[in-house]
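Numbering of ligands and ligand atoms starts at 1, following listing order.
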Amino acid sequence: MRLYNTATRKLDELPPPPGPIRMYVCGPTVYQRIHIGNARPFVLSMWLRRWLARSGYDVTLVENITDINDKIYAAAPGASAELAEQASGWYVEDTSDLGLGRPDHEPKATQTVPEILAMIEELIENGHAYAAGGDVYFRVASFPDYGRLSGRHGDDDAMRNPSEEDEPSELKEDPRDFALWKGHKEDEDTWWESPWGRGRPGWHIECSAMAEAFLGPVFEIHGGGIDLVFPHHENEIAQSRALGHPFAQLWMHNGMLRLAGEKMSKSLGNIVSLREALDEWGRETLLVYFLGGHWRKPIDYSDEVLEQAAAQAESFRNVFRQESSPGGDWDELAAALDDDFNTPDALAILHRWRDHELLERGLEVFGLESLARSEEAPNELAELARQRAEARERRDFDEADRLRREIDSAGWEVRDVESEPGFQLVPKR
Ligand SMILES: [Zn+2]
């Protein structure tokens, strides 16, 4: 199996099964309900874990929850801990409703502070970090490979760290340096004791520490949105490799989700939460929608695209309402997924299959086996459908028509079929 690696800028082969394949994916910063774009790395990693496990790999997936971050302090001054706790609950609830299960480990930054402190102390001892005014900064000049992942070089403005976090530059030796530890500020309601005084960790060191705590100093895959390449992932690499840890080997960055052609982001105010999307479209339509876009490319979110996905989900249900007909080759699906996890190709292949057993097995890779189980109509509607079939038998078409309308007004469509009992009830959508 091969996957595109941001670090090498080419498709890289995974080690042969059983691996192991250890994966770390950057999860959300919890201060509101996650938006539908944040669901993309979750969905991708859960699918990839299933596919790798099915291919004989021993897979471990770690997806963190960032519950210490500037954004959380800013969103709830004086009550950030409560907000982070509540929003973590929303995140687990909403992503669980996708029906894909949970990652193997979901560490929180608040539960990893001892590991974070140990890592910062070691970086200081080795000359890769320095304390200044209650903060601790990573010394970028001490790590010559800095900028390799993102392809940024020299000391131009693009290397300045960081753009979104508010860090006083007068304490830094170099504008590229970034905070590992931040001294406590008046309006922050959480803090931890450290050798440098009260404070809390920076965002980047949280992920280095959480990844290594669960996967060790070297692991196979690191994932996250393409917007995390710089500075977040560049900084994770610097922190871990400065200590001699090989860290992640293959970097998978998923494309962004666009609303009306623009990246979905809080600052642009064009946010659709995963909760809203689930309530409006349901999990099956959302999963088919994600399948339709290659993970590396941006995808548009619009009513039109979602309606197409809903129609595609319905066409799968329809296959199971007809007779199974043999044909189709599992290896074709496997080849598409083994080649950079090409889900749009996989989706097109699944649409060609009419063999119920094979199609259900294919849909199951993506948590969509529910499409094979057509919904059971309520008993009273089944009774009406039976009466309608009898009315047709005795050629009482007025009565048959009346019963059809009654079933229709209850939200179901009755279809005549060859097989027993001669009709099928299909929910109208
Ligand atoms: Zn991260």
Side-chain angles (χ1 to χ4, degrees), residues 5-7 22-32 34-35 37-46 48-49 60-73 84 87-88 91-92 95 103-113 115-117 119-120 123 138 146 148-150 161-165 167 178-182 200-243 245-256 265-266 295:
N5 182 355
T6 309
R22 293 158 291 190
M23 290 172 69
Y24 182 85
V25 174
C26 286
T29 298
V30 282
Y31 60 106
Q32 59 181 6
I34 66 159
H35 68 68
N38 293 146
R40 200 178 190 193
F42 180 89
V43 169
L44 171 66
S45 59
M46 296 304 287
L48 186 60
R49 182 181 70 171
T60 307
L61 174 62
V62 179
E63 201 146 339
N64 75 294
I65 294 176
T66 299
D67 62 349
I68 310 173
N69 188 285
D70 291 273
K71 286 178 181 168
I72 311 172
Y73 288 116
S88 300
Y91 163 68
V92 171
T95 47
D104 299 293
H105 304 283
E106 298 183 88
K108 291 180 173 178
T110 50
Q111 297 162 345
T112 321
V113 173
E115 289 88 342
I116 294 169
L117 287 171
M119 207 163 183
I120 298 173
L123 284 165
F138 185 87
Y146 194 77
R148 235 169 111 167
L149 177 73
S150 56
N161 232 311
S163 47
E164 63 177 349
E165 296 196 8
E167 287 168 8
F178 56 90
L180 302 174
W181 186 261
K182 301 184 184 198
R200 43 93 179 193
W203 174 36
H204 317 298
I205 193 77
E206 293 172 3
C207 276
S208 276
M210 285 187 275
E212 294 196 24
F214 285 87
L215 299 176
V218 58
F219 53 95
E220 287 67 34
I221 298 177
H222 194 313
I226 190 83
D227 56 339
L228 297 184
V229 175
F230 188 89
H232 188 51
H233 291 164
E234 197 74 72
N235 293 352
E236 283 184 40
I237 290 175
Q239 294 156 166
S240 291
R241 294 207 180 140
L243 293 178
H245 308 164
F247 207 57
Q249 303 301 293
L250 192 151
W251 290 80
M252 277 183 90
H253 289 108
N254 65 271
M256 296 289 103
S265 76
K266 199 183 185 197
W295 63 272

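- Residues satisfying the salt bridge (charged side-chain N to carboxylate O under 4.0 Å, His left out) test with E106, not counting sequence neighbours, are R102.
- The salt bridge (charged side-chain N to carboxylate O under 4.0 Å, His left out) search around R40 returns none, not counting sequence neighbours.
- Residues that satisfy the salt bridge (charged side-chain N to carboxylate O under 4.0 Å, His left out) test with R241, not counting sequence neighbours, are absent from this structure.
- In summary, R22 and D104 do not engage in a salt bridge, as defined by a charged side-chain N under 4.0 Å from a carboxylate O.
- With waters neither drawn nor counted, the protein N/O/S atoms under 2.8 Å from the Zn ion (ligand 1) amount to 3.
- Residues H233 and H253 bring their aromatic ring centres within 6.0 Å.
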message = Between Y31 and N69, does the side chain to side chain donor-acceptor pair (under 3.5 Å) criterion hold? Intermediate values first, please.
response = CA-CA 9 Å; Y31 60 106; N69 188 285; over 6 Å; no
